[in-house]
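Structure, as structure tokens:
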Amino acid sequence: MDPRYIDASYFESNHGLVNSTGKYLIVGAGFTGLSVAASFERRNISYDLIEKNPQIGGNWFNGVYDRVHIISSKSVTEYKDFPMPDSYPVYPSKQQMLNYLNNFTQHYQLSKTVIFNTKVVSVTPDKDTAKYIVLLDNGEEKLYDGVISCVGHHWNKRMPKYPGTYTGDIMHSKDYKNHHQLSGKRVLVVGGGNSACDINEDAAQFAEEAHMSLRRGYWFLPRNVFGIPLTDFVQPWMPLWFQRLTLSAYVIITTGPNSYYGLPIPDHQIFEVHPTINTGILHWLQLGKIIPHGDIDHFQEKTVHFKDGTSADFDLIIFATGYHNYIPFLGNLVQYKNGIPQLSNLILHPKLKNLMIIGSAQPRYGAGSLLSMVSEIISDLIIVQEKIKTPLVDIFDVLKMNDIQQRTELTADILVDPHEAALKLFLLRRLLLWFPQIEQKLLEYGYLPL
């Protein structure tokens with residue numbers, strides 16, 4: 001027997017399996033999981049929502065540093081069906097985001113379905129029923145019609161390795177909370193993303209010394225363009241080439257090339273990797289409060305040797321080097337290529353019915369509106385799947401719609417154009433209305449097995 005597939009009757013007779021047939025499991029009560037749960041509430045889909053933390057919020061509860069503000073404007077970050085308060089600034093803080101999510105939870109009365117302080121250990125398909133046996137860390141086992149993973153990947157820290165031994169302190173940006181961790185220390189921040197820049201700005205003000213290490217050049221984009229939030233400035237009618245032309249020209253005119261700041265020139269076009277929306281870092285570089293370096297070559301006790309031949313001593317290295325895109329409780333159910341889960345249309349398992357993963361791809365900016373659409377698509381997929389016998393992914397395959405997204409060599413993430421994705425979701429929702437009739441015709445003409 002394939003070890004991935006277990007007969008549910010075995011657990012019922014030997015382990016006291018709790019039969020939750022008719023229910024779906026949402027894993028993670030963060031920004032994504034709450035949106036999916038709200039959609040299920042609106043569409044009368046029965047579900048449980050499991051969260052490892054003692055309260056909702058996910059990354060906004062315990063995964064970001066104290067002073068963080070969103071980099072996209074509130075108008076593109078808020079859920080489409082639940083606007084942020086008018087009193088909120090254009091770029092809300094961590095606490096304001098957490099308050100917003102709590103208000104969203106209360107509005108849709110989601111708390112009644114959340115199982116807190118609980119982790120999913122494993123998910124195993126039942127070979128006879130096409131349902132899923134879910135093992136929890138309290139030893140309980142439940143049978144669900146489907147599983148929707150909403151845990152994202154901003155928790156599985158990516159830590160690079162270099163030759164030699166470093167004897168100072170090391171942390172990942174995930175573990176950074178506030179400037180008190182930097183006080184009196186010579187700090188090196190590795191990376192040029194949004195977290196790296198925020199932490200380096202703190203180091204410039206509160207550490208004994210602040211240094212940054214970049215292995216490549218980055219585009220440092222402004223929060224606002226001509227007084228308009230960058231994420232609002234980019235409009236759906238703008239082709240990608242025009243976005244790049246406009247923004248690159250604006251950057252050159254307002255801040256100048258990276259060489260003015262001792263930084264390498266970008267080796268990619270804007271939006272080929274996740275954008276760094278931060279120009280404050282350039283201010284501190286010009287003041288000499290942050291010292292730039294190239295890539296690390298090797299360690300020697302507290303000395304870091306860089307590839308350009310220079311070296312410096314540090315008390316603390318903070319790696320702002322991203323995250324691995326991996327979901328442990330799904331084990332070998334999901335295949336990965338170049339670190340990316342292989343999913344149909346960025347959501348569906350390519351073989352198994354009602355197994356979905358949300359969050360393996362990232363919009364370039366403004367997740368809220370897009371996430372509201374994705375959540376409705378999830379509900380659509382479940383409702384349509386209940387009406388037909390054939391797994392949806394098999395129909396997608398016949399229709400040549402099983403798009404398995406791949407990352408580029410420039411980034412470890414899959415980046416999605418939110419406007420392009422919104423159009424695809426709109427069209428997919430319209431097509432799903434016809435899937436029962438499409439299945440009937442495909443069966444009739446022999447494209448699907450009877």
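Between the side chains of N53 and N117, no donor N or O sits under 3.5 Å from an acceptor N or O. Side-chain atoms of S35 and S375 form a donor-acceptor pair, as typed in the model, at a separation below 3.5 Å. Q106 and N102 form no side-chain donor-acceptor contact under 3.5 Å, judged by distance and modelled atom types alone. With 3.5 Å as the limit, one finds a donor-acceptor pair spanning the side chains of D232 and S75. A donor and an acceptor atom, one from each side chain of K174 and N59, are located under 3.5 Å apart. Side-chain contact annotation: N354 with Y132, donor-acceptor N/O pair under 3.5 Å absent. No side-chain donor from either of T279 and T255 sits under 3.5 Å from a side-chain acceptor of the other. Looking at Q95 and D66, their side chains never bring a donor and an acceptor atom within 3.5 Å of each other.
The environment of NZ in K389 is sparse: at most 12 heavy-atom neighbours from other residues, nucleotides or ligands sit within 6.0 Å. Annotation for K177: atom NZ counts as buried by contact number, over 12 foreign heavy atoms lying within 6.0 Å. Atom OH of Y65 has more than 12 neighbouring heavy atoms from other residues, nucleotides or ligands inside a 6.0 Å radius. When the shell of 6.0 Å around CD of Q437 is examined, it contains more than 12 heavy atoms from other residues, nucleotides or ligands.
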Apply ring pair (Phe, Tyr, Trp, His ring centres under 6.0 Å) to the pair F396 and F435, showing each step before the final yes or no. CA-CA 10 Å; F396 283 137; F435 260 46; 5.4 Å; yes
From CA spacing to verdict: side chain to side chain contact (heavy atoms under 4.5 Å, CB included), I383, L432: CA-CA 10 Å; I383 291 170; L432 282 172; over 6 Å; no
Could you go through I277 and L230, starting from their C-alpha distance and side-chain angles, then the distance that decides it, and tell me whether this counts as side chain to side chain contact (heavy atoms under 4.5 Å, CB included)? CA-CA 9 Å; I277 303 180; L230 171 63; 3.9 Å; yes
Side chain to side chain contact (heavy atoms under 4.5 Å, CB included) between I395 and D397: does it pass, once the steps are laid out? CA-CA 5 Å; I395 297 179; D397 194 42; over 6 Å; no
Evaluate side chain to side chain contact (heavy atoms under 4.5 Å, CB included) for H172 paired with T321, printing each intermediate quantity in order. CA-CA 8 Å; H172 191 275; T321 45; 4.1 Å; yes
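Of the possible donor and acceptor atoms, none in the side chain of E78 sits under 3.5 Å from a partner among the backbone N and O of P85. With hydrogens and angles disregarded, no donor-acceptor distance shorter than 3.5 Å links the side chain of N194 to the backbone of T276. Counting only distance, with no hydrogens or angles, the side chain of N278 and the backbone of I281 share a donor-acceptor pair below 3.5 Å. Using a distance-only test at 3.5 Å, with no hydrogens or angles considered, a donor-acceptor pair links the side chain of R67 to the main chain of D198. At distances below 3.5 Å, at least one donor-acceptor pair connects side-chain atoms of D417 with backbone N or O atoms of H419. In this structure, the side chain of S372 engages the main chain of K80 through a donor-acceptor pair within 3.5 Å. In terms of modelled atom types and a separation under 3.5 Å, the side chain of E376 and the main chain of S39 share no donor-acceptor contact. Side chain of Y176 to backbone of H179: a donor-acceptor contact under 3.5 angstrom is found. Judged by distance alone, with hydrogens and angles left aside, the side-chain atoms of H69 form a donor-acceptor pair with the main-chain N or O of Y91 at under 3.5 Å. Between the side chain of R215 and the backbone N or O of D295, no donor-acceptor pair lies under 3.5 Å.
Between E41 and L110, the closest side-chain pair of non-hydrogen atoms falls below 4.5 Å. Between Y336 and V334, the closest side-chain pair of non-hydrogen atoms falls below 4.5 Å. With contacts defined as side-chain heavy-atom distances shorter than 4.5 Å, the pair K119/F329 does not qualify. Contact check for N103 versus F82: side-chain heavy atoms found under the 4.5 Å cut-off. For the pair F319/P160, a side-chain contact is recorded, criterion being any heavy-atom separation below 4.5 Å from C-beta on. Between M97 and I70, some side-chain heavy-atom pair lies under the 4.5 Å cut-off. For the pair Y100 and W60, the minimum side-chain heavy-atom distance is 4.5 Å or more. Within the 4.5 Å cutoff, the side chain of K157 has no heavy atoms near those of the W155 side chain.
We find that K353 and D394 are not joined by a salt bridge, their nearest charged nitrogen and carboxylate oxygen being 4.0 Å or further apart. Using a cutoff of 4.0 Å between basic side-chain nitrogens and carboxylate oxygens, D48 and K23 are scored as salt-bridged. At a threshold of 4.0 Å, the pair D380-R429 counts as salt-bridged, since one of the basic side-chain nitrogens sits closer than that to a carboxylate oxygen.
Taking SG from C150 and CD1 from I358, the interatomic distance works out to 5.5 Å, rounded to the nearest 0.5 Å. Rounded to the nearest 0.5 Å, atoms OG1 (T32) and CD1 (I357) are 12.5 Å apart. T124 OG1 to L333 CG: the interatomic distance, rounded to the nearest 0.5 Å, is 7.0 Å. Taking CG of L442 as the start and CD1 of I438 as the end, the distance is 7.0 Å to the nearest 0.5 Å. Here the CG atom belonging to L188 is positioned 9.5 Å from the CE atom belonging to M212, to the nearest 0.5 angstrom.
Y144 has its ring centre no less than 6.0 Å from the ring centre of Y47.
Of all heavy-atom pairs spanning N345 and M401, the tightest one is ND2-O, 2.9 Å.
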